[in-house]
Protein chains: 2
Amino acid sequence: MSVIFSRQCEYALQAVLYLALKPAGTMISIKELTKKLGIPYHFLAKILQDLANQGLLRSMKGPTGGFTLAHPATEITLFHIVEAVDGLDFLNTCVMGFPDCSGNNPCAVHSQWGSLRDGIHSMLVHKNMADLAKEITKPEYKSS
Amino acid sequence: MSVIFSRQCEYALQAVLYLALKPAGTMISIKELTKKLGIPYHFLAKILQDLANQGLLRSMKGPTGGFTLAHPATEITLFHIVEAVDGLDFLNTCVMGFPDCSGNNPCAVHSQWGSLRDGIHSMLVHKNMADLAKEITKPEYKSS
DNA sequence: GTAATATTAGACCAATTAGTCTGAAATGTC
DNA sequence: GACATTTCAGACTAATTGGTCTAATATTAC
């Protein structure tokens, strides 16, 4: 199975984007997220805890508690989330799996894959959560 | 861990390319491939058997036996190999993991990812094994 | 202070992917 | 025909990822 991002990472992207749509500082519970996004409760809990530990989210316990972005939506990019969850190895390793592939010992698709990969990299770096929030049309993100 | 192709698929790409460098019809044993490419013997055996069953390779038993391309190198593309090993779901599914993402219900990066994905798709379709063979500089493919 | 509600921590289980091993079947050489 | 060499088939193990569960801790509201 070819894959770009792990399922964990997909869930993280969905959840952070959901948070980005709420007024800054609004605490959102796992319960609400899991309900709106259809992500398994405990699995999502682990992912959010991890993001909180890495400083991307802030969390608070108790009723009225939940998660919220730790930084302005404009300052959180796709890159930050992917980096935190999946890591960035895929931007530096050979697409054909050669361990020694590099500029002076390139594989047969090195340069062509290189520019595609740069396109992906650039998208990750430039798209922040505020950008994404503007483009949302999906019903699962609408109303509370 | 983000990934484009599974390890199986990477190994398949490496092995098929190796075969493409030999004169058409030359039988290459798993032993030679595993030695030159550093891929675990029995694992590679399974992958090659699978490719043979799917009609991409031809195989023969006994001494002087081995594997060879079932079609001219110009007619085997990256696309064929990826399709046979990993499948092509990643070209049709949402990069953020939304099950209902589509043209009339797009996710926030739908169109931008769409063009990157098309670039990948196009590379897979247009690069055939003969093209790749021409660009080889890697030492593991040199000499016998 | 008590109860309700939320995250936190970590052990645990299930499914998929990666990799190993063994024995059988086919083919070429002597 | 005997033997060496190869693929073939399938069971098996190991590692990673995906997902579940339980008990503890913090916070709010009464």
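Bear in mind the structure is a predicted one, so any value in this text is a computation, not a measurement. All chains are named by letter (A, B, ...) in the order of the sequence lines, taking the proteins before the strands, and each is independently numbered beginning at 1.
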Assign each of B:Ser29 and A:Gly65 to its nearest nucleotide of DNA chain D by heavy atoms, then name whichever residue's nucleotide is nearer the 5' end.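 Upstream on the strand: B:Ser29.
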Residue met sooner reading DNA chain D from 5', once A:Met60 and A:Leu44 are mapped to nucleotides: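 Of the two residues, A:Leu44 wins.
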Classify the ring geometry between A:Phe43 and A:Tyr11 as parallel (under 30°), tilted (30 to 60°) or perpendicular (over 60°).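 Ring orientation, 0 to 90° scale: perpendicular.
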Side chain of [X] only, please: which of [options] is the nearest?
| X | options | value |
| --- | --- | --- |
| A:Tyr11 | D:dG19, C:dA18, C:dT7 | D:dG19 |
| A:Phe43 | C:dA18, D:dG18, D:dA9 | D:dG18 |
| B:His42 | C:dC21, D:dG19, C:dA18 | C:dC21 |
| B:Pro40 | C:dT20, D:dT7, C:dT27 | C:dT20 |
| A:Pro63 | C:dT7, C:dA4, D:dT7 | C:dA4 |

Counting any heavy atom closer than 4.0 Å, what does [X] reach on the DNA or RNA strands: base, sugar-phosphate only, or nothing?
| X | result |
| --- | --- |
| B:Ile30 | sugar-phosphate |
| B:Tyr41 | base |
| B:Met27 | nothing |
| A:Lys46 | base |

For a quick test of reading the model: is some side-chain N or O of B:Thr64 closer than 4.0 Å to OP1 or OP2 of D:dT5?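 Result: no.
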Derivation of the salt bridge (Lys or Arg N to Asp or Glu O under 4.0 Å) call for A:Lys127 and A:Glu135: CA-CA 11 Å; A:Lys127 283 277 183 189; A:Glu135 294 180 28; 3.1 Å; yes
Going by atom types only, do A:Asp100 and A:Ser102 share a side-chain donor-acceptor pair under 3.5 Å?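 Side-chain D/A pair, A:Asp100 to A:Ser102: absent.
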Do B:Asn128 and B:Thr74 pair up side chain to side chain, a donor and an acceptor below 3.5 Å, judged on atom types alone?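 No, no side-chain donor-acceptor pair sits under 3.5 Å.
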